[in-house]
Amino acid sequence: MSVSTPAPGSRTPVGPAAEAPSSGTRRTATPPTGTHRTRGTVVKYAVLSLGAVAFLFPFYYMIVGSLRKTTTGDLSSAVPSGLTGGSYTAVNGAISLGRSLLNSGIMTIGVLLCTLVFGVLAGYALAQLQFRGRGTVFASLLLVQMVPFQLLTLPLYVLVVRDYGLGDNYVGMILPFAINSTAVFLFRQFFLQLPQSLFEAARLDGAGELRILWKIALPMARPAVLTAMLLTFIGPWNEFLWPFLVTKNADMQPLAVSLASFLSNLQGTVANPTGALLAGACVLAAPAVALFIVFQRHFTSTDIDSGVKG
Amino acid sequence: MTNLPSAVTAPRAGTAVAGGHAPAEGAASRHRRLTTRTGALFVTPYVLFLLVVFAIPMVYTLWISVHRFYFTAPGTHADSPWVGLSNYRDVFTDPVVGRAFLNIAVFLVINVPLTVLLALVLAAALNAKIRFRAFFRAAYYLPYITASVALVAVWQFLFGSDGFVNHLLGSHAPDPSWLVNSHLAMPMIAVFVTWKQLGFFVMLYLAALQNVGKELYEAASVDGAGRIRQFFSVTVPGVRPATTLVVIYAIITGANLFSEPYLLTGGGGPDHASTSPVLLMYQKGIEQGHPDFAAALGVVLVAFVLVISLAARKLTERGN
């Protein structure tokens, strides 16, 4: 990608200033010194590109390293050569990728389903229905997002694994993440925007709340549902500590956990351990990255903003 | 940008209770009673979830922390005698605990300024009309959405004794190497987390930059302020609320650190150089079977987070 050349694109080539923002107010304010503009643009692209390299290089290295026959740390190994899928077979032999992926999938889908069903119900109630304690529930929602979750892992571990006997069990894995509070908040904010009159009319026609939610509110909330799904997916798919505590049986471990155990004590069992590790990392990263790329426009700053402010 | 207009409005806790009271007439009030029940019903699963996953465990931690507590097999029972504050005394006299908190302090000292500076510079550069904007945004966001475990694997490879970075540095490579060096282990974790989370904060600052008035830049420009001056006198104060958020988020991340010290520096680094409080809770509580000690440590950690967050908030919001 050409970084320093100023925009040889569609716009009219009136010098480097063509690259500059169009708002008229701005133009009157800044003296049109062409060289200054160019330098600013060059610096901007240099900074952004440098950043992009720092962010993308590890991913590139991960992919190349996972495909090489022997993966070493020397500089030549950054260049793809003699590519093979051997590392993927090796890591599959050591931790049974299919089974781990299935466990990750069950955990993630369980969380997604609970969040969608119960989160939409709660979000709708918080936005459109009157009931006692509504303020308290909403205040707890905001509070909960400030609690560092890991701090609760010990008592949760005692309760879930020791008292309820849910170790090595999907329910135990899903429980702490079952309803994502950020998603509930997102749903509430969305339902709050829908016009009250719409619901009043439906109620006068005798429709029940569940029917109103299902037939009127939910179809309109599709973008909110998609955003919430994407936000919710990342959490359980990438989560390490909780499933690490809950699952001792290798057959029940999600990929993040089995890959971590490969990282800390199984590497000696394969011929090209680093390659195998990177292959596992690629498999773990791929679904979240793929979803992100496909739905990129839905990961917007305002969504994140609202999630955090919540 | 998004078809979610709702997301822009900041929530105020008060608004939930006020507003939206329908006029109480005959049919409407009968309807109100109905929705009262329905509303409570709809929200019940979520309330149960909050109780089971947040409220009960929090109270339970407090309870465990003042008792002598043992793990028992399911179905069996062991007495848990009241021991007052003795678990807390153990926590405060354990040198490793002190080290773990010191490590968090090191983490914050590196992570916070680095995050604020880099995220702000990248966001400011992204905020202009530029080509490949979507590409850059995606590139910065990629580590944030990728699993820690996967990224740790790559970093171990990049920064290992025989890794890419050391080959690049040749004789300038640190000895002992990055992740097994007691002076570098914690800074490495801070840099790793900064790198992983940065995209999130770039997005946050991008959103905040939309709210900085164009006329402010104009005025500054008329007054003869250069780009750099404008950055410091207009942009930086303009995004102060976002900076507060960054700081608080960094503190929570620091308090939550587990996978990075556990995996990146092999269980807490040489001589606990990168042990974190949560890692210590895991080691003491679950590996070594002292959940009471771990619970007390958890309570201390929460208190620590609250105090530091409040202090940071005071500091970053000063002058507002």
Side-chain angles (χ1 to χ4, degrees), chain A residues 21 29-30 44 47-48 51-52 55-56 58 62 73-75 118 121-122 125 129-131 135 137-140 144 148 150-152 154-156 165 176 178-179 189-190 193 203 209 223 234 238 240-241 256 259-260 263 274 277 281 284-285 288 292 296 300-306 308-309, chain B residues 1-8 10 13 16-17 31 35-36 38-40 42-43 45-46 49-50 53-54 57 60-61 71 74 122 125 129 136 138-140 145-147 149-150 153-154 157 162-164 167 203 206-207 218 221 245 252 255-256 258-259 263 278 281 285 294-295 298 301-302:
Chain A
T30 336
K44 228 165 249 169
V47 167
L48 287 173
F55 277 84
L56 293 179
M62 178 164 96
D74 59 30
L75 302 181
F118 301 125
L121 283 175
L129 301 177
Q130 305 291 329
F131 59 93
V137 174
F138 186 65
S140 332
V144 154
Q150 323 288 57
L151 306 182
L152 299 174
L154 184 96
L156 269 174
I179 307 179
Q189 294 301 91
F190 195 87
Q193 299 293 310
R203 277 172 200 141
E209 292 300 330
I234 301 168
N238 293 346
F240 171 65
L241 176 55
L259 192 64
L263 175 74
T274 310
L277 184 62
L284 177 60
F292 168 65
Q296 214 211 104
T300 55
S301 38
T302 37
D303 299 342
I304 300 162
D305 206 20
S306 74
V308 173
K309 267 182 201 144
Chain B
M1 177 169 292
T2 171
N3 34 10
L4 245 183
S6 53
V8 192
V17 206
H31 172 74
T35 52
T36 297
T38 324
F42 278 13
V43 96
Y46 182 57
F49 169 78
L50 291 181
V53 174
F54 290 92
Y60 199 31
T61 317
F71 284 134
L122 288 176
K129 260 208 182 119
F136 286 123
Y140 302 145
I145 55 150
T146 307
V149 175
V154 190
F157 182 40
D162 195 30
F164 187 83
H167 277 280
M203 298 290 181
L206 259 178
E218 214 175 291
S221 179
L245 219 55
I252 294 182
N256 273 325
F258 174 79
S259 352
L263 295 170
V278 174
M281 279 170 75
L301 184 53
V302 172

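Each chain gets a letter, A, B and so on, in the order its sequence line appears, and its residues count up from 1.
Atom CG of A:L241 and atom CZ of B:F258 lie 5.0 Å apart (nearest 0.5 Å). The structure places CG of B:D162 at 9.0 Å from OG1 of A:T274, a figure rounded to the nearest 0.5 Å.
Here A:L48 is the residue among A:L121, A:L154, A:L48 with the most heavy-atom pairs under 4.5 Å with chain B. Note: A:L75 leads A:V47, A:L75, A:V137 in heavy-atom pairs under 4.5 Å with chain B. For the set A:G51, A:A125, A:P58, the entry with the most heavy-atom pairs within less than 4.5 Å of chain B is A:P58. Chain A forms more heavy-atom pairs under 4.5 Å with one residue of B:L122, B:N256, B:V149 than with any other, namely B:N256.
When all heavy atoms of B:L301 and B:A255 are compared, the pair lying nearest together is CD2-O, 3.7 Å. When all heavy atoms are compared, the tightest approach of B:A153 to A:L263 is CA-CD1, 4.5 Å.
Within the 4.5 angstrom heavy-atom criterion, only side-chain atoms of A:L56, from C-beta onward, approach chain B. For B:F54, the parts sitting under 4.5 Å from any heavy atom of chain A are the backbone and the side chain alike. Using a 4.5 Å cut-off between heavy atoms, B:V278 contacts chain A through its side chain alone, with no backbone atom that close. If you measure heavy-atom distances from A:L284 to chain B, the contacts under 4.5 Å come from the side chain alone. With a 4.5 Å cut-off on non-hydrogen atoms, B:Y46 touches chain A through its backbone and its side chain both.
In this structure, A:N238 contributes its side chain and B:I145 its backbone to a donor-acceptor pair below 3.5 Å.
At a threshold of 4.5 Å between non-hydrogen side-chain atoms, the residues A:L277 and B:V154 do not count as touching.
Applying the ring pair (Phe, Tyr, Trp, His ring centres under 6.0 Å) criterion to B:F157, with sequence neighbours excluded, gives A:Y61.
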